[in-house]
Amino acid sequence: EVQLQASGGGLVQAGGSLRLSCAASGPGFDDRAVGWFRQAPGKEREGVSCIKGNGGNRYYADSVKGRFTSSRDNAKNTAYLEMNNVKVEDTATYFCATSAFGPGCPAPWHVARWYGSWGQGTQVTVSS
């Protein structure tokens, strides 16, 4: 089973950039789509992005479209979430997870229960 660890969070000013990493250990990382989710205090977990196993299709929440970019390097067993022009409302704990259904992003991709393995989150705080 793939195990995941998200990292790269921190404190950033609004308008700044941050890159999150999701390092995987165990077999089959490239056979799984990777989803990024976030959860702010008092709010439900929200789907941010999903990237297909081969890095092809990518999906984004409307709230981050045009600002965030998902990518992955399967040779390094790592997925990334590039966050640009961040906003205060992006403040949350960010998680990565692998799809329970193989290399394609689930349909709908933003539903958390379609993902099997979850990493520990990394905190992103955006100051105004």
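As a basis for the values below, the full set of heavy atoms in this structure was taken, side chains included, without hydrogen atoms, waters or symmetry mates.
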Do the numbers put Arg45 on top of the ring of Phe95, so that NZ or CZ is under 6.0 Å from the six-membered ring centre and no more than 45° off the axis? yes
Any cation-pi pair here, Arg72 with Phe29, using under 6.0 Å and within 45°? yes
Whether the side chain of Ser49 engages the backbone of Tyr59 through a donor-acceptor N/O pair (distance < 3.5 Å, no angle test) should be reported. yes
Kindly say whether Gly53 contributes a backbone atom to a donor-acceptor pair with the side chain of Asn74 at under 3.5 angstrom? yes
Would you call [X] and [Y] a side-chain contact if the rule is heavy atoms closer than 4.5 Å?
{"X": "Val126", "Y": "Glu89", "answer": "no"}
{"X": "Arg58", "Y": "Thr69", "answer": "yes"}
{"X": "Leu18", "Y": "Val124", "answer": "yes"}
{"X": "Ser99", "Y": "Trp114", "answer": "no"}

Do you know which two heavy atoms are closest between [X] and [Y], and how far apart they sit?
{"X": "Glu46", "Y": "Ser63", "value": "OE2-OG, 3.6 Å"}
{"X": "Gly28", "Y": "Val2", "value": "C-CG2, 4.2 Å"}
{"X": "Asn84", "Y": "Ser17", "value": "OD1-OG, 2.8 Å"}
{"X": "Ser128", "Y": "Val88", "value": "CB-CG2, 3.9 Å"}

So, taking the atom named [atom1] in [X] and the one named [atom2] in [Y], what distance separates them when rounded to the nearest 0.5 Å?
{"X": "Thr78", "Y": "Leu20", "atom1": "OG1", "atom2": "CG", "value": "12.5 Å"}
{"X": "Arg38", "Y": "Lys43", "atom1": "CZ", "atom2": "NZ", "value": "8.5 Å"}
{"X": "Phe68", "Y": "Ser70", "atom1": "CZ", "atom2": "OG", "value": "10.0 Å"}

hydrophobic_cluster_shared for Val64 and Val34, side chain cutoff 4.5 Å: yes
If you look only at pairs with a residue in residues 71-128, which of them pass as a disulfide bond (SG atoms under 2.5 Å apart), with sequence neighbours excluded? Cys22-Cys96, Cys50-Cys105
Using the disulfide bond (SG atoms under 2.5 Å apart) rule, collect all pairs that involve residues 54-89, keeping only residues at least two apart or in two chains. none
Sequence neighbours left out, cut at 3.5 Å: what donor-acceptor pairs do the side chains of residues 3-12 make with other protein atoms?
none

Can you check whether Phe37 and Trp118 have ring centres sitting under 6.0 Å from each other? yes
Would the Tyr94 and Trp36 ring centres measure less than 6.0 Å apart? no
State, without any angle test, whether Tyr80 and Arg19 hold a side-chain donor-acceptor pair at a distance under 3.5 Å. no
Would Gln39 and Thr93 count as having a side-chain donor-acceptor pair, cut-off 3.5 Å? no
Kindly determine whether Lys65 and Asp62 satisfy salt bridge (charged side-chain N to carboxylate O under 4.0 Å, His left out), including the steps that lead there. CA-CA 5 Å; Lys65 202 170 292 184; Asp62 287 343; 3.1 Å; yes
Does atom CD (Gln13) have a neighbourhood of more than 12 heavy atoms from anything else shown, all under 6.0 Å? no
